[in-house]
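Below, chains carry the letters A, B, ... as their sequence lines are ordered, and counting in each starts from 1.
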Amino acid sequence: MHFPPSENEISTFRTTLLQWYQNTKRDLPWRRTRDPYAIWVSEVMLQQTRVDTVIPYYEAFMEKYPDMASLARSEPEALLKSWEGLGYYKRLQNLKKTALFLTETNDARLPSDFQSLRELPGIGDYIAAAVSSIAFHGKEAVVDGNVKRVLARLFTDPAPVNISSSHRHFLRHASLLLDPEQPGEANQALMELGAMVCTPARPSCDGCPVSFSCEALHTDNTRNYPVRQPKKIIPFYPVACAVIVNERFDILITKRPETGMLPGFWEFPGGRCEGKESGMDACIREVFEETGLKIEKPEKICTIRHAYTHFRIEMSLFICRITEKERQNLKPIEHRWIPHGELDTLAFPAANRKCMPALSAWFQAHNASP
DNA sequence: GATTCGTGGTC
DNA sequence: TGACCAAGAAT
């Protein structure tokens with residue numbers, strides 16, 4: 001399909017895609033409801049997150065927070081635990097902020113129009129279009145990663161899909177193809193096509209309902225689209241953390257600030273190795289800086305690797321026994337002493353979770369009761 | 001407009 | 001097995 005497509009091409013495309021979608025769409029939990037709140041929650045969870053990953057989180061979340069009011073009155077610790085492992089935790093903060101705001105100002109209802117939705121915390125162009133079209137029949141086109149990839153191939157479009165300046169460009173194309181009669185279904189159809197057929201690697205062009213209009217396929221070019229701007233190399237940091245254990249085998253955990261990375265998560269104190277500092281030295285220094293405690297003879301129990309969005313780490317975890325006397329030097333920071341058996345009840349970053357098996361083994365070897 | 005925000009699956 | 005990348009938003 002060349003741009004701009006003719007009225008005839010647009011019409012045929014819409015009809016064919018919609019029919020394919022109605023016949024083959026996946027039975028996903030959020031497709032079984034028309035509750036705007038449920039649609040909203042699902043769209044927030046699906047942001048940069050795979051469907052298969054989201055499903056169990058979504059089911060549990062809707063069980064625990066079935067409506068706007070229950071979310072608005074949620075306990076922060078329990079709310080964070082429900083999101084643990086999903087990533088991008090700012091979206092959870094925005095979810096609750098918006099729930100509180102709407103409870104106060106709009107009878108705990110989501111607005112139905114794109115513009116009003118767009119102004120709410122955590123709702124950008126994509127979610128505003130998705131919620132308004134799926135839950136309220138609004139006529140705004142969604143542009144997500146799937147849609148950009150499909151459009152790039154349909155039109156052999158050279159606009160890089162991973163830079164923000166391309167967004168308006170793809171939005172114009174998506175708006176042109178959107179069926180105004182069934183915008184919610186049409187939006188989901190284009191995304192479903194990208195997720196199930198027009199996949200990043202090895203797209204299933206044989207089973208594609210709209211292959212007749214795909215310029216990339218006609219020119220044997222699908223592997224060259226979408227065009228993507230190369231991304232920068234991300235830095236690597238060695239990190240050391242401490243599991244500080246008292247005489248009763250309780251563990252010291254500290255709480256991260258509500259701003260920045262991993263807001264509100266519990267963690268084992270520690271931080272980056274500076275210069276050519278050894279892991280053990282960094283562990284001792286970081287623990288002292290963060291807690292005021294002077295630890296002795298930290299014992300390394302494991303090393304794990306973890307990749308964040310814009311840096312990678314190799315984290316070494318050290319066990320440190322601490323005396324009653326030294327414990328009095330603990331600074332006034334938000335912390336808890338908990339039995340290792342209770343680690344699962346609190347929210348920890350994935351990098352800490354990766355260390356838990358080694359930690360359990362250590363406690364078992366030392367005959368500590370959970 | 002470029003960066004900052006997680007994580008796990010995939011190949 | 002390391003690089004890629006997924007139903008993006010905020011700053």
Side-chain angles (χ1 to χ4, degrees), chain A residues 21 25-26 28-31 39-58 80 83-95 97-98 117-131 133-134 141-150 160-171 174 184 187-196 198-202 223 226 228-236 256-265 267 304-314 347-354:
Chain A
Y21 177 67
K25 64 181 176 185
R26 289 168 289 176
L28 302 175
W30 44 90
R31 289 183 177 160
I39 306 288
W40 171 48
V41 170
S42 75
E43 294 298 351
V44 172
M45 284 190 171
L46 285 162
Q47 181 190 114
Q48 295 287 279
T49 311
R50 286 180 155 73
V51 165
D52 289 344
T53 302
V54 166
I55 289 174
Y57 284 90
Y58 173 83
L80 184 60
W83 208 272
E84 180 191 24
L86 257 189
Y88 287 142
Y89 302 96
K90 189 76 190 307
R91 56 184 171 167
L92 177 62
Q93 295 182 326
N94 284 329
L95 194 73
K97 189 184 295 183
T98 291
L117 286 164
R118 183 64 181 79
E119 293 168 8
L120 296 168
I123 297 188
D125 286 347
Y126 167 78
I127 293 181
V131 171
S133 70
I134 296 170
V142 297
V143 176
D144 73 333
N146 290 310
V147 171
K148 283 188 281 191
R149 183 173 57 257
V150 171
V161 292
N162 61 336
I163 62 176
S164 48
S165 57
S166 299
H167 181 76
R168 297 177 63 81
H169 174 77
F170 285 109
L171 180 56
N187 272 333
Q188 293 184 82
L190 207 52
M191 292 190 284
E192 186 83 350
L193 186 72
M196 304 305 291
C198 196
T199 49
R202 303 165 60 92
R223 89 185 86 60
R228 181 171 287 278
Q229 186 169 286
K231 57 180 176 185
K232 294 192 298 189
I233 298 172
I234 62 176
F236 172 85
R256 296 181 60 82
E258 297 297 334
T259 57
M261 263 191 93
L262 299 162
F265 272 79
E267 68 177 357
I304 60 96
R305 292 168 179 274
H306 191 72
Y308 295 96
T309 311
H310 52 292
F311 63 92
R312 296 177 298 124
I313 63 168
E314 182 177 88
F348 283 89
N352 285 11
R353 284 278 167 225
K354 286 182 180 176

Check your understanding: When we call it a touch if two heavy atoms are under 4.0 Å apart, what does Arg149(A) touch: a base, just sugar-phosphate, or nothing?
Key -> sugar-phosphate
Point to revise | side chain to side chain donor-acceptor pair (under 3.5 Å) against Arg26(A), all qualifying residues, sequence neighbours excluded | key: Glu192(A)
Exercise for review: Nearest whole angstrom, please: distance from the P of dG1(B) to the CG of Asn162(A).
Suggested key: 15 Å
Revision key, fill the gap. Between Leu86(A) and the options Leu92(A), Thr53(A), Val44(A), the side chain to side chain contact (heavy atoms under 4.5 Å, CB included) test singles out Thr53(A)
Check your understanding: Looking at residues at least two apart in the chain, or sitting in another chain, which of them share a side chain to side chain donor-acceptor pair (under 3.5 Å) with Asn187(A)?
Key -> Ser133(A)
Revision key, fill the gap. Sequence neighbours excluded, the answer for side-chain contact (heavy atoms from CB on, under 4.5 Å) partners of Glu119(A) is none
Study note, to complete from the structure: When Pro121(A) and Arg228(A) are each assigned the nearest nucleotide of DNA chain C, the 5'-most assignment goes to Arg228(A)
Check your understanding: Which value, in whole Å, describes the distance between the P atoms of nucleotides dA9(C) and dG8(B)?
Key -> 22 Å
Revision key, fill the gap. Footprint ends on DNA chain C, 5' to 3', for atoms under 4.0 angstrom from a heavy atom of chain A, come out as dC4(C) to dT11(C)
**Study point:** Residues that Tyr308(A) engages under side chain to side chain donor-acceptor pair (under 3.5 Å), provided they are two or more places apart
**Key:** none
Practice item. Would you classify Arg168(A) as touching base, sugar-phosphate or nothing, given that sugar-phosphate means primed atoms plus P, OP1 and OP2, and contacts are heavy atoms under 4.0 Å? Key: nothing
Check your understanding: Do side-chain atoms of Ser42(A) reach the backbone of Ile39(A) as a donor and acceptor pair under 3.5 angstrom?
Key -> yes
**Study point:** Distance, P atom - from dA7(C) to dC5(B), rounded to whole angstrom
**Key:** 23 Å
Check your understanding: Can you find a side chain N or O atom of Lys232(A) that sits less than 4.0 Å from OP1 or OP2 on dT3(B)?
Key -> yes
Review point. Among pairs that include at least one residue of residues 160-170 of chain A, which meet salt bridge (charged side-chain N to carboxylate O under 4.0 Å, His left out), considering only residues two or more places apart or in two chains?
Key: none
Review point. Distance between the C1' atoms of dG1(B) and dG8(C), in whole angstroms?
Key: 15 Å
**Study point:** Sugar-phosphate only, base, or nothing, as touched by Trp83(A) at under 4.0 Å among non-hydrogen atoms
**Key:** nothing
Point to revise | Inter-nucleotide C1' distance (dC5(C), dT1(C)), Å rounded | key: 16 Å
Donor-acceptor pairs are to be reported for all side-chain atoms of residues 120-127 of chain A against protein atoms at under 3.5 Å, with residues two or more places apart or in another chain.
{"from": "Asp125(A)", "atom 1": "OD1", "to": "Arg118(A)", "atom 2": "NE", "distance (Å)": "2.6"}
{"from": "Asp125(A)", "atom 1": "OD2", "to": "His167(A)", "atom 2": "NE2", "distance (Å)": "3.3"}
{"from": "Tyr126(A)", "atom 1": "OH", "to": "Glu43(A)", "atom 2": "OE1", "distance (Å)": "2.6"}

Review point. Within the structure shown, what part of the strands sits under 4.0 Å from Asp125(A) by heavy-atom distance: base, sugar-phosphate, or nothing?
Key: sugar-phosphate
Exercise for review: Tell me what Ile233(A) touches on the nucleic acid: a base, only sugar-phosphate, or nothing, going by heavy atoms under 4.0 Å.
Suggested key: nothing
Exercise for review: Give the B/S/- string for nucleotides 5-11 of chain B, one per nucleotide from 5' to 3', where a protein heavy atom under 4.0 Å of the base yields B, of only the sugar-phosphate yields S, and otherwise -.
Suggested key: BBBBB--
Review point. Which residue pairs satisfy the side-chain hydrogen bond (donor to acceptor under 3.5 Å, both in side chains) criterion with at least one member in residues 84-93 of chain A, sequence neighbours excluded?
Key: Thr49(A)-Arg91(A), Lys81(A)-Glu84(A), Glu84(A)-Arg353(A)
